[in-house]
Amino acid sequence: MTSDPIVTRFAPSPTGYLHIGGARTALFNWLYARGRGGKFLLRIEDTDRARSTPEATAAILQGLTWLGLDWDGEPVSQFEGMARHAEVARAMLEAGSAYRCYSTPEEIAAWRESHPRQPFQSPWRDKGPEDWPDAPYAIRLRAPREGETIIDDQVQGEVRFGNDQLDDMVLLRSDGTPVYMLAVVVDDHDMGVTHVIRGDDHLTNAARQVQVFDAMGWKRPVFAHIPLIHGEDGKKLSKRHGAVGLHEFAALGYPAEAMRNYLARLGWSHGDDELFDDAKALEWFDLSGIGRAPARLDFKKLEHVSGWHIGQMPGDRLLGELDAFLTETGQPALTQRQKSWLTPALDALKEKAKTLPALLDQGRFALVERPVELDPKAVAALDTVSRGMLKSLTAALQHASWTRDDLEQAAKQVAEENGVGLGKVAAPVRAALAGRTSTPSVFDMMMALGRDETLARLNDQADQAG
RNA sequence: GGCCCGUUCGUCUAUCGGUUAGGACACCAGGUUUUCAACCUGGGAAGAGGGGUUCGACUCCCCUACGGGCUGCCA
């Protein structure tokens, strides 16, 4: 038997930026669909008009784009489907799977008051047309009162709800507007969604939604309710945990592919595999690998994953990432000259950098122009003796062929002549070349800067020898 | 309150009845080294508690504790 093509969706409410939990949910849906040749759809749940904003929608789309998650077709606006949702509610009314409920909010509140710990039971459930008053009414689902509603969840397993715990949910409000729970079901059905992968805060909702699917005679999608991400303290993720918005992670300089890797591993695993690229993630991702306990955000681990990905990147890709990062954070783009100095040093730089800004910081020698500004430690490294050694090195370098071996040879020679270790020679070179004491290897810098720039920078300091 | 979900090293996790409970991050100690790193080697570190079931439980069942979710004519 040929199975239907997979269709997943990500359905955020446009009430703010895309946060890290939502990003992971989107990633799971994307991985599942894309790994199986299926479709990944987007639906904006904008039925809450008061809280939904176009800016938030834009921010979410931008976040997904940055993360590298592409979706099929245009994003669907749930709000625009209102008429369709109402139509379904009316159809259910016609079919008898829903009924008119004339209870007012006050009556419902009073009922609850006198029936503690019991779901509301409308007195209108079994009334006929002859009893209908001339008043506004809500349409409620005629849900089964006995038996169980069972969700066969791919993550949570078989979850059973006693139908006596589930009330007849409102489908259409008395003002004629559909309710979110109905909209979700109708949209998922109309969009052909086969797999609903979402936060487990919707697990209980699923029971109600399934009743609607059943009432309409629609095929239920496969459900997978994934645990939410928590902060480092184990509490629900919120602003006080620092970065929670995806854009904040982008600004911190984690490459998108590293975020994908880290996020994928948060709550999902494939044996002991920790570091992998998209191809592997797509190949390995499966619902069965998702855990049931909420995972905490761990920035240290993220850093490690990020460092690995940066180290794996070919130079041109890395340069592209750096460009994107600078643009993203509103910093000036790299000039041609900066690129020409930075590029040869990339292989050395990417070995140690864990984030993009960290790499830029280590590569600062390639970004500055003469005269190189010295920080206090660099000044301290350039005492009279050091400047003297710089002078002899500069002289020796004048005729050196610019290969790493020769440079190293020359430096060692100067060290020997002065009866000191290589470190003593390297320190002032480092200071003169980069203006600081923490840099890549001095030889890497010399190779990257080239003969002219290197000698110029060295001379800038050597000339000041006493 | 009721219903539902969860609980393996500090953290992310492996284990799908039989392991000295494995890996990764972090941490500690050594090594390497021209700085900072990076890297290499080694180390400490876990089944929430209590009952069962079983020849044998981290794995299955029950209870408790602790987290979390839902319980709206919110989404």
Side-chain angles (χ1 to χ4, degrees), chain A residues 11-13 15 45-48 50-52 78 101 103-105 108-109 112 116-120 136-140 151 153 155-157 159-162 164-167 169-175 177-181 183-184 199-208 225 227-228 230 232 234-236 262 265-275 288-289 291-305 307 311 348-354 358 361-362 377 381 408 411-412 415 421-427 429-431 434 436-443:
Chain A
S13 301
T15 56
E45 308 212 314
D46 51 357
T47 53
D48 185 337
R51 291 195 296 160
S52 301
Q78 187 160 68
C101 174
S103 294
T104 64
I108 295 171
R112 289 199 170 113
R117 73 188 67 145
Q118 248 194 82
F120 173 66
Y137 59 89
I139 296 181
R140 296 188 100 107
I151 306 293
D153 194 276
V155 173
Q156 308 290 340
V159 185
R160 300 162 166 269
F161 297 90
D164 56 351
Q165 297 296 324
L166 273 14
D167 61 9
M169 70 177 217
V170 169
L171 301 172
L172 203 70
R173 298 188 186 91
S174 49
D175 67 0
T177 60
V179 114
Y180 160 80
M181 289 278 221
V184 169
D200 67 3
D201 49 336
H202 286 287
L203 182 57
T204 315
N205 290 340
R208 292 193 153 72
H225 288 93
L228 269 13
H230 286 181
E232 286 180 300
K235 299 289 184 191
K236 216 176 135 185
Y262 176 71
R265 274 281 307 150
L266 214 50
W268 169 79
S269 62
H270 181 265
D272 283 336
D273 296 306
E274 300 270 0
L275 303 166
S288 63
R292 282 163 296 279
R296 304 181 188 198
L297 222 44
D298 181 354
F299 282 80
K300 286 284 174 48
K301 187 112 180 193
L302 206 207
E303 295 250 311
H304 180 257
V305 173
L349 288 168
K350 74 183 187 187
E351 290 302 322
K352 39 199 291 193
K354 295 193 186 259
D361 184 63
Q362 267 301 289
K377 283 183 184 167
E408 222 165 317
K412 277 181 179 156
L422 184 56
K424 289 288 182 196
V425 180
V429 173
R430 193 184 321 284
R436 40 163 53 185
T437 53
S438 168
T439 73
S441 147
V442 293
F443 305 114

On RNA chain B, does the nearest nucleotide to A/A427 precede the nearest nucleotide to A/L266 from the 5' side, or the other way round? Give the residue.
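Going by which nucleotide is closer to the 5' end, it is A/L266.
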Position toward the 5' end of RNA chain B (nearest nucleotide), A/R208 or A/Q118:
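Looking at RNA chain B, the more 5' nearest nucleotide goes with A/Q118.
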Checking all strands, does [X] fall into the base, sugar-phosphate, or nothing category for heavy-atom contacts under 4.0 angstrom?
{"X": "A/S174", "result": "base"}
{"X": "A/G267", "result": "sugar-phosphate"}
{"X": "A/R292", "result": "sugar-phosphate"}
{"X": "A/T15", "result": "nothing"}
{"X": "A/V442", "result": "base"}
{"X": "A/P119", "result": "nothing"}
{"X": "A/R436", "result": "nothing"}
{"X": "A/S13", "result": "sugar-phosphate"}
{"X": "A/A138", "result": "base"}
{"X": "A/F443", "result": "base"}
{"X": "A/D46", "result": "nothing"}
{"X": "A/T439", "result": "base"}
{"X": "A/Q362", "result": "base"}

Given atom [atom1] of [X] and atom [atom2] of [N], what is their separation to the nearest angstrom?
{"X": "A/K424", "N": "B/U33", "atom1": "NZ", "atom2": "C1'", "result": "15 Å"}
{"X": "A/Q156", "N": "B/G68", "atom1": "CD", "atom2": "P", "result": "16 Å"}
{"X": "A/K354", "N": "B/A26", "atom1": "NZ", "atom2": "C1'", "result": "10 Å"}
{"X": "A/L172", "N": "B/C74", "atom1": "CG", "atom2": "C1'", "result": "16 Å"}
{"X": "A/Y262", "N": "B/C12", "atom1": "OH", "atom2": "P", "result": "8 Å"}
{"X": "A/Y180", "N": "B/C74", "atom1": "OH", "atom2": "P", "result": "14 Å"}
{"X": "A/H270", "N": "B/A24", "atom1": "NE2", "atom2": "P", "result": "18 Å"}
{"X": "A/E351", "N": "B/A37", "atom1": "CD", "atom2": "C1'", "result": "12 Å"}

Does [N] have OP1 or OP2 sitting under 4.0 Å from an N or O in the side chain of [X]?
{"X": "A/R265", "N": "B/A24", "result": "no"}
{"X": "A/R173", "N": "B/A75", "result": "yes"}
{"X": "A/S438", "N": "B/U35", "result": "no"}
{"X": "A/R430", "N": "B/C36", "result": "no"}

Is there a Watson-Crick or G-U wobble partner for [N] with both distances under 3.5 Å, and if so, which one is it?
{"N": "B/A21", "answer": "none"}
{"N": "B/U7", "answer": "B/A65"}
{"N": "B/C28", "answer": "B/G42"}
{"N": "B/G72", "answer": "none"}
{"N": "B/A57", "answer": "none"}

Measuring only between side-chain heavy atoms, which start at C-beta, is [X] closer than 4.5 Å to [Y]?
{"X": "A/L349", "Y": "A/P440", "result": "yes"}
{"X": "A/R430", "Y": "A/V442", "result": "yes"}
{"X": "A/L297", "Y": "A/Y262", "result": "yes"}
{"X": "A/D298", "Y": "A/H304", "result": "no"}
{"X": "A/Q78", "Y": "A/V184", "result": "yes"}
{"X": "A/Y180", "Y": "A/D48", "result": "no"}

With rounding to whole Å, what would you report as the distance between [N] and [M] at their [atom1] atoms?
{"N": "B/A65", "M": "B/U41", "atom1": "P", "result": "47 Å"}
{"N": "B/A14", "M": "B/C9", "atom1": "C1'", "result": "13 Å"}
{"N": "B/G30", "M": "B/G44", "atom1": "C1'", "result": "15 Å"}
{"N": "B/G51", "M": "B/G69", "atom1": "C1'", "result": "28 Å"}
{"N": "B/C58", "M": "B/G6", "atom1": "C1'", "result": "15 Å"}
{"N": "B/C66", "M": "B/A29", "atom1": "C1'", "result": "36 Å"}
{"N": "B/G49", "M": "B/U7", "atom1": "P", "result": "14 Å"}
{"N": "B/A24", "M": "B/C61", "atom1": "C1'", "result": "33 Å"}

Can you check whether any acceptor in the base of [N] is under 3.5 Å from a donor in the side chain of [X], or vice versa?
{"X": "A/K301", "N": "B/A24", "result": "yes"}
{"X": "A/D272", "N": "B/G22", "result": "yes"}
{"X": "A/K352", "N": "B/C36", "result": "yes"}
{"X": "A/S441", "N": "B/U34", "result": "yes"}
{"X": "A/R296", "N": "B/U11", "result": "no"}
{"X": "A/E274", "N": "B/G23", "result": "yes"}

For the side chain of [X], starting at C-beta, report the closest nucleotide among [options].
{"X": "A/A293", "options": "B/G72, B/A14, B/U7", "value": "B/U7"}
{"X": "A/K300", "options": "B/C25, B/C70, B/U7", "value": "B/C25"}
{"X": "A/A295", "options": "B/U13, B/U34, B/A75", "value": "B/U13"}

Quick one: do A/D153 and A/R292 make a salt bridge, cutoff under 4.0 Å?
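Not counted as a salt bridge, because no side-chain N and carboxylate O are separated by less than 4.0 Å.
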Minimum heavy-atom distance A/R436-A/D361, with the two atoms named
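Scanning both residues completely, I find the closest heavy atoms to be NH1-O, 2.9 Å.
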Mind checking the CZ-CD spacing from A/R160 to A/Q165? Nearest 0.5 Å is all I need.
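CD of A/Q165 is found 14.5 Å from CZ of A/R160.
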Set of residues satisfying side-chain hydrogen bond (donor to acceptor under 3.5 Å, both in side chains) with respect to A/R265, sequence neighbours excluded:
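Counting only residues at least two positions away or on another chain, A/R265 forms a side-chain hydrogen bond (donor to acceptor under 3.5 Å, both in side chains) with A/E274.
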